[in-house]
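When reading the values below, keep in mind they use all heavy atoms of this one structure, side chains included, and skip hydrogens, waters and symmetry mates. Proteins get letters first, then strands, A, B, ... in listed order; numbering begins at 1 in each.
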Protein chains: 4
Amino acid sequence: MPKQPDPARRSERSRQAILEAARELISEVGYARLTIEAIAARAGVGKQTIYRWWPSKGAVVFDSFLALSESGQDRSMALPDTGDIEADLKVVMRATVAEFADPVFEAPIRALNTEIINDPALAAQYREKLGDPVDEAKKARLRSAQRAGQIAADADLDLALEVLYAPLYQRWLHRSGPLTAEYADALVDLTLKALRP
Amino acid sequence: MPKQPDPARRSERSRQAILEAARELISEVGYARLTIEAIAARAGVGKQTIYRWWPSKGAVVFDSFLALSESGQDRSMALPDTGDIEADLKVVMRATVAEFADPVFEAPIRALNTEIINDPALAAQYREKLGDPVDEAKKARLRSAQRAGQIAADADLDLALEVLYAPLYQRWLHRSGPLTAEYADALVDLTLKALRP
Amino acid sequence: MPKQPDPARRSERSRQAILEAARELISEVGYARLTIEAIAARAGVGKQTIYRWWPSKGAVVFDSFLALSESGQDRSMALPDTGDIEADLKVVMRATVAEFADPVFEAPIRALNTEIINDPALAAQYREKLGDPVDEAKKARLRSAQRAGQIAADADLDLALEVLYAPLYQRWLHRSGPLTAEYADALVDLTLKALRP
Amino acid sequence: MPKQPDPARRSERSRQAILEAARELISEVGYARLTIEAIAARAGVGKQTIYRWWPSKGAVVFDSFLALSESGQDRSMALPDTGDIEADLKVVMRATVAEFADPVFEAPIRALNTEIINDPALAAQYREKLGDPVDEAKKARLRSAQRAGQIAADADLDLALEVLYAPLYQRWLHRSGPLTAEYADALVDLTLKALRP
DNA sequence: CGTTAACCGAGACGGTACGTCCGGTCTTTTG
DNA sequence: CAAAAGACCGGACGTACCGTCTCGGTTAACG
């Protein structure tokens, strides 16, 4: 039986230092040139301490994101609901476009995606911890629109979310076109037209 | 001035062996564990021969795909046109879904995407050599539908393509849902509803 | 003031287990691959318990020998004295040769010597605890021979001991020749000739 | 079949740098704290270059000695022969004593001995390359003394050498007594008395 | 006879070095 | 003169131990 480390004895100080070092280094050198050794050195931590608690470099990177988003927002991810689904969605989509366009997030988010694409376990973890809750918030707003008769009652909301967000995601991933407010609006318009009762 | 290799003297035998070795190894060990050394050894080639003609591992992988798709299909990428845009698109989308679901293509396509995501130069090359021609063929079919009055004359066809394909691509990339014929049909239905005149 | 451990509270059970584990592991893996961690694990003891009571790996190994020889023999190290110095010495030397040739003692004795060669403090401890008493017993027998007129009265007995034992020791250490009864006899003959009155 | 490195392609520059770095570091930090990494760094060499050509740290250290002694002396290791074996031996033994007492040689020679004691392969190599030639030179001088009637014709010269040198060697190894000119003389006197015709 | 100080097992920690692998360059030999 | 072969420097990998440092849990002397 391969001995498991005892979580109760885990050093919180080291954990924080590692996650922070990982975040900094991804911004500085990008994911491809990120090394465990550099993380350990920057964090003032032995390499073994990283290997003890994370199975792979990707897992560290993932956790560093998770920690960031958990601290940054207080779980208040509910979308605005003014009663006007079109206006509300455009606000949210424009914000998303702006976030993707922000060069500060460029390297880290690409790193995260590279990991998720190639590691099903991380992908599952990502959905559970980040993707699903966010999606649920969005679906809640769409359901509200359904009740208001702005969206067909039998619309597939999962599909609706994909149609809204996937084109934006793909453009960013492939750099295949500009990410502008107009683009965000166009996606909302097209999607709402498709979802019309 | 760093001497440039003379393409005229390039060994076609070596080039083919390298690309084939790269393809085989990606299937066997995946992209992350693919090494230049292994490619050289498998191809019976010196490492320098690879470095002389390709700038990066990603470029070799990319070329190995390019060679495959160039040989496999004889540039006949025109889509079927029976006059029924809905039926034609569903045929094409179902075929795309089937291709993505084929485990044989799993590793290589994921490898290609990993490269493209992180290397803008490769992404541009990809669009030029593979993406744009394919998109153009699809847009030709959509224009035909516009002329037939099945699609709004002022529809943004680039956006239409994104709405059609990006959700499928995202599902596959993130493994966030099943890729079925029903899903393909639902995407076509939703898109066509949004594009209706 | 760095707190000193209190010998009165020392766990005899742990001490024994550590020394025994050290002995076993030296036989099994040799001195070079002996580790404190392995000793602690084998003995069912925390590493700190070893570091608390011994300053170095060599000290543990040394103590494990000391404990062995202290228990094995009851301090009756007096040499035989039949009145015939040649016969008596040959008996002793042949026994020594046999002991060195015993493969069971090979690894441990080599380990002990490696330590002693490189650590003056251990060397001094060795001489005090093991070497000097044994030498004294041998010199006692030589003095008896002097009184019997078999050895020159002014012979340097320390030198005599070295001439008797060092060649044997060197052969064993360097594996530079066979360790046989004949060799033992030859050393005794040569030494006695040199010591003749 | 594990590929063997090709000696013809070996870099002489690297070999020299490694051996010199090893020699310097042994003097500076001693054998126990000598690391392959430090040798590589000091020599400006990749670690693999060391592992490619030497099987162990001990082998590098050994070779660094070998190179030293091969360059230092031009194979002219013949002993003086004035016709007076006692005088000649005392000159040689006093020189040996002086060499052992020289603190500059302390660390390296102890390092060499530690290796040889624990590695039979190195011990054999040592005898072949260094020990046997030196011994042969000494035995040549003793044979000359035999022809001159100063030593018994049937004396065992191998044993004679051991009796001469092993006590000195043991004293140095165990630090069990002073290494002085008087001690050298005493050993010669005792040995010659034992070898007398 | 409870308090309490020390030892104890366990094992996480910051480190150092290991021996291996591979990247990218350089050199030598072969076709 | 390109290509194969492969040695080279560099540097990251993941592992093994080092010696130190908490942790709870005994355990034994003392008050």
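Of the candidates F:dA7, F:dA5, E:dT20, the closest approach to any side-chain atom of D:P5 belongs to F:dA7. The listed nucleotides are E:dG15, F:dG6, E:dA12; the one nearest the side chain of D:R9 is F:dG6. Closest to the C:S11 side chain, of the nucleotides E:dC8, E:dG23, E:dA12, is E:dC8. Residue B:K47 has its side chain nearest to E:dG23 when only F:dT20, F:dG14, E:dG23 are considered.
If you take OG1 on A:T49 and CZ on A:R15, they are separated by 13.5 Å, rounding to the nearest 0.5 Å.
For the pair B:E37 and B:G46, both in contact range of DNA chain F, the more 5′-proximal nearest nucleotide belongs to B:G46. Summary of the strand contacts: B:A43 and A:Y51 both lie near DNA chain F, and taking for each the nucleotide with the nearest heavy atom, the more 5' one is attributed to B:A43. Residue A:G44 is the one, among A:G44 and D:A38, whose nearest nucleotide of DNA chain E lies closer to the 5' end (criterion: closest heavy atom).
Rounding to whole angstrom units, CD1 of residue D:I36 and P of E:dT20 are separated by 11 Å. Here F:dC8 presents its P atom at 10 Å from CG of D:D6, a figure rounded to the nearest Å. Summarising the geometry, the separation between CZ on D:R13 and P on F:dC8 is reported as 12 Å, rounded to the nearest angstrom. In this structure, CD of B:Q16 is placed 16 Å from C1' of F:dA3, rounded to the nearest angstrom. Atom P of nucleotide E:dC18 and atom CD1 of D:I50 are separated by 9 Å, given to the nearest angstrom. Separating the CZ atom of D:R15 from the P atom of F:dA7 is a distance of 17 Å, rounded to the nearest angstrom. A straight line from CD1 of B:I18 to P of F:dA2 spans 15 Å, rounded to a whole angstrom. Summarising the geometry, the separation between CD on C:E12 and C1' on E:dC8 is reported as 15 Å, rounded to the nearest angstrom.
For the pair D:I117 and C:I117, the minimum side-chain heavy-atom distance is below 4.5 Å. C:V60 places none of its side-chain heavy atoms less than 4.5 Å from the side chain of C:K57.
Side-chain to base pairing of C:Q48 with E:dC8: no donor and acceptor N or O lie closer than 3.5 Å to each other.
With no hydrogens or angles considered, no side-chain donor-acceptor pair links C:D119 and C:S56 at under 3.5 Å.
Among all heavy-atom pairs drawn from C:L19 and C:A67, the shortest one is CD1-CB, 3.9 Å. Here the closest heavy-atom approach between residue C:R175 and residue D:I116 is recorded as NH2-O, 4.3 Å.
When heavy atoms are screened at a 4.0 angstrom cut-off, D:R10 is found touching the sugar-phosphate backbone but no base atom.
Within the 4.0 Å cut-off from OP1 or OP2 of F:dA3, at least one side-chain nitrogen or oxygen of B:R52 is found. Look at C:T49 and you'll find a side-chain N or O under 4.0 angstrom from OP1 or OP2 of E:dG9. OP1 or OP2 of E:dC8 has at least one side-chain nitrogen or oxygen of C:W53 nearer than 4.0 Å. Distances shown here put a side-chain N or O of D:S14 below 4.0 Å from the OP1 or OP2 atom of F:dC9.
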